[in-house]
Amino acid sequence: MIHRVHARPLYQSALIGWLTGAMVALATLLPSSSFGATVPASAAPQTLDAFANKVMQTFDATGMSVVVADGEQIQTHAYGVRKLGSAAPVDAHTIFPIGSNTKAFTTAALAILVDEGKLRWDDRVVDQLPGFRMYDAYASSEMTVTDLLVHRSGLGLGEGDLMIFPTTDRSRDELVHDIRYLKPAHSFRADYDYDNVLYIVAGQLVEAVSGQRWEDFVQQHILDPLGMHDTQVSIDARVADQVSLHARNSTPVRGVGKQAVLTTVLTGSVFAPAGALQVSALDMGRWLQLQLRHGALDDGKRVFSEAASQALWTPQTLIPIDPAPAALALAKPQFEAYALGLEVQDYRGHKIITHLGGVLGGISAVVIIPEKHAAFAIMLNSEDIGALFAMREHLLDTLLGLSSPDWIANYKQVFDQANAEAVAALKTRSAAAHPERGPSLPLSGYAGVFRDPWYGTATISEGKSSKGALNISLDRSPGLRGTLEHVQYDTFRTHWSMPDVEDAYVTFALKPDGSIDQVTMKAVSPNADFSWDYQDLRFTPQVTNK
């Protein structure tokens with residue numbers, strides 16, 4: 001989802017944090033467009049363009065935008081089209097959703113408030129946002145502003161994302177209130193697990209301290225001073241020069257099959273502080289320059305202070321490093337930690353500041369190389385993570401003057417294998433099912449309204465038009481309605497009417513008297529993005545079954 005494209009290394013999942021995905025190859029890749037002076041010879045445009053063209057062809061990506069900032073120089077490169085089936089090219093002003101790369105803008109907004117003396121990083125959240133509570137009383141009373149931002153709250157990976165993903169009828173105030181019902185997976189400050197919901201709390205903190213909505217504060221204090229005039233603070237904003245979003249979603253395993261334009265995308269304003277920005281390559285170059293200048297603008301004025309810049313880049317939470325496939329071992333970091341909306345790690349012995357971002361149908365990567373006073377960003381309007389990572393590694397190697405393996409072939413091998421294993425796992429699971437066993441109750445026995453403490457209600461009813469069917473609705477998520485198909489025993493699976501939505505198994509646990517004790521869910525696809533956190537739901541009957 002808004003997801004940043006990570007949590008565990010992305011090569012372990014063929015999808016991205018809000019996600020991923022053989023489309024028809026683009027017939028013609030467009031020449032690059034550039035702005036400003038050329039980048040150093042080590043990143044010569046011809047070399048970059050040749051590599052990018054091969055990436056686009058190999059992964060059948062739809063459109064891609066790249067920007068390289070080297071000190072005072074910015075150069076943009078554009079490839080492919082904004083929408084499959086359309087001739088409109090990607091250019092330097094085309095806006096892409098950047099998903100969780102928005103988080104660094106939220107932390108920068110907080111840094112500005114710290115500079116103004118209105119906030120401190122070690123302030124307790126409850127002192128600034130009185131309605132805030134966590135499930136655990138100690139975490140509620142002791143969580144600081146920094147704790148909100150560094151994924152050590154005790155919440156599990158992506159926990160609570162179904163509050164906002166892919167859409168919701170909640171307000172931000174409601175979400176902040178309902179976080180108190182999210183049962184932690186770990187002790188407070190004990191482990192790293194990536195979350196989105198606490199960045200929404202951070203956005204509400206910006207509003208509580210400044211008196212401005214997150215959108216207005218970011219626009220006035222960051223985007224306008226930088227001249228980021230293409231950038232949109234709403235995921236729902238529509239302008240002439242922007243991409244459509246794409247995924248391979250025609251098979252049970254997302255990432256396998258032909259590329260298609262998505263009809264279901266993230267929408268709404270609730271999650272904005274965690275991942276709603278839409279940014280052009282040219283604007284992203286200005287943001288990267290601000291980072292390289294540690295908060296200073298061209299004219300010497302500042303968006304945030306040198307001290308704030310240091311705080312944003314200071315490691316806070318260690319991120320566990322998992323084994324890497326042999327083909328990608330060279331890119332495996334030796335250390336990795338989360339700072340404030342950014343990660344700090346090494347790449348082949350060199351320190352980098354980085355982050356990944358993903359929404360349904362689009363992904364992005366930001367990388368800053370302090371020792372080279374250089375940075376770059378890559379944005380795609382499809383879920384082709386292999387393409388993103390191959391480009392990222394190539395640019396890193398080029399700017400650092402390192403020789404490269406065949407990153408394109410290596411990433412294609414890893415993702416092809418991951419997808420093949422997911423397809424095989426689903427076939428094995430289907431073959432092992434026993435649809436003749438169960439269900440234990442007549443279909444009417446499964447109908448009712450069921451409540452999960454943090455999510456809200458789900459309604460299950462007998463279908464009126466087709467005999468032997470059950471209908472399901474996740475009531476706080478407009479569009480998440482569909483039918484239930486019996487799988488085996490007391491387990492059913494969803495068939496959502498909304499396209500592009502990951503289906504889930506729905507299992508009813510019965511009491512000794514045959515009544516329903518609880519209802520649990522689990523994503524069907526092994527590649528389902530972590531924002532489909534069905535597994536965190538524990539529904540219990542709210543009313544007597546009919």
Positive for ring pair (Phe, Tyr, Trp, His ring centres under 6.0 Å) with F165, one of W532, F530, Y455, Y534: W532
D122 and T144 side chains, donor-acceptor separation under 3.5 Å: no
Side chain to side chain donor-acceptor pair (under 3.5 Å) evaluation trace for S364 with N101: CA-CA 7 Å; S364 64; N101 277 307; 2.8 Å; yes
Heavy-atom donor-acceptor pair, T540 side chain to Q518 backbone, under 3.5 Å: no
Electrostatic pair E174-R476, nearest N-O below 4.0 angstrom: yes
Side-chain heavy atoms of V197 within contact of F271, under 4.5 Å: no
Charged N-O contact under 4.0 Å between D298 and R293: yes
Donor + acceptor pair across side chains of D123, Q128 (<3.5 Å): yes
From L245 atom CG to F96 atom CZ, the distance as rounded to the nearest 0.5 Å: 9.5 Å
Test item: S477 side-chain N/O and L480 main-chain N/O as donor-acceptor pair under 3.5 Å: no
Candidates H93, Q232, Q278 - the one meeting side-chain hydrogen bond (donor to acceptor under 3.5 Å, both in side chains) with Q242: Q278
Whether D346 side chain and F335 backbone form a donor-acceptor pair below 3.5 Å: yes
No-hydrogen, no-angle side-chain donor-acceptor test under 3.5 Å, Q291 and W313: yes
Donor-acceptor pair between S382 and H246 side chains, under 3.5 angstrom: no
Nearest-0.5 Å distance that lies between atom NZ in K351 and atom NZ in K372: 15.5 Å
Over-ring placement of K103 relative to Y199, 6.0 Å and 45° cut-offs: yes
Contact summary for V344 and A339, nearest pair of heavy atoms: CG2-CB, 4.1 Å
D475 and S473: side chain donor to acceptor below 3.5 Å: yes
Any donor-acceptor N or O pair under 3.5 Å, side chains T106, W214: yes
Non-hydrogen side-chain atoms of H373 and D70 separated by less than 4.5 Å: no
Residue from R170, R133, R172 passing salt bridge (charged side-chain N to carboxylate O under 4.0 Å, His left out) with D178: R170
M228 and V279, any side-chain heavy atoms less than 4.5 Å apart: yes
Donor-acceptor under 3.5 Å (R124 side chain, S141 main chain): yes
Interatomic spacing from CD1 in I368 to CG in L342 - rounded to 0.5 Å: 6.0 Å
Exam field: side chain T102 to backbone A274, donor-acceptor pair closer than 3.5 Å: no
Point-to-point distance, once rounded to the nearest 0.5 Å, from CG of D161 to OG1 of T168: 11.5 Å
Closest non-hydrogen atom pair between K332 and Q334, with its separation: O-NE2, 3.6 Å
Nearest heavy atoms of A108 and I222, plus distance in Å: CB-CD1, 3.9 Å
Gap between atom CG of L226 and atom OG1 of T231 - 0.5 Å precision: 9.0 Å
Sidechain-backbone polar pair: D384 side chain, A387 backbone, donor-acceptor under 3.5 Å: no
R152/D191 salt bridge by N-O under 4.0 Å criterion: no
Side-chain touch M134/R180, heavy atoms, less than 4.5 angstrom: no
Any side-chain heavy-atom pair of K183 and D536 under 4.5 Å: no
Exercise: identify the closest heavy-atom pair between G63 and N381: N-OD1, 2.7 Å
Main-chain N/O of V201 paired to Q204 side chain as donor or acceptor, under 3.5 Å: no
For L198 against S153, the heavy-atom pair lying closest together: CD1-CB, 3.4 Å
Closest non-hydrogen atom pair, V218 against A109: CG2-CB, 4.4 Å
Side-chain heavy atoms of V519 within contact of R538, under 4.5 Å: no
Aromatic ring pairing H151/Y192, orientation class (parallel under 30°, perpendicular over 60°, tilted between): perpendicular
Residue pair D503 / T494, side-chain donor-acceptor N/O under 3.5 Å: yes
Polar side-chain atom of H177 near backbone of D173 as donor-acceptor pair, under 3.5 Å: no
Heavy-atom donor-acceptor pair, S497 side chain to G482 backbone, under 3.5 Å: no
Worked check of side-chain contact (heavy atoms from CB on, under 4.5 Å) between W121 and L340: CA-CA 10 Å; W121 294 115; L340 304 184; 3.8 Å; yes
Side-chain donor-acceptor pair present, Q212, E207, cut-off under 3.5 Å: no
SB check R348 E393 (cutoff 4.0 Å): no
Qualifying salt bridge (charged side-chain N to carboxylate O under 4.0 Å, His left out) pairs with a residue from residues 233-245, counting only residues at least two apart or across chains: R82-D241
Aromatic ring pairing Y194/H355, orientation class (parallel under 30°, perpendicular over 60°, tilted between): tilted
Greater than 12 external heavy atoms within 6.0 Å of E116's CD: yes
Any side-chain heavy-atom pair of V145 and R120 under 4.5 Å: no
Within 6.0 Å of OH in Y135, more than 12 heavy atoms from elsewhere: no
Gap between atom CG of L537 and atom CG of L474 - 0.5 Å precision: 7.5 Å
Flag side-chain contact, heavy atom, 4.5 Å: L110 against L149: yes
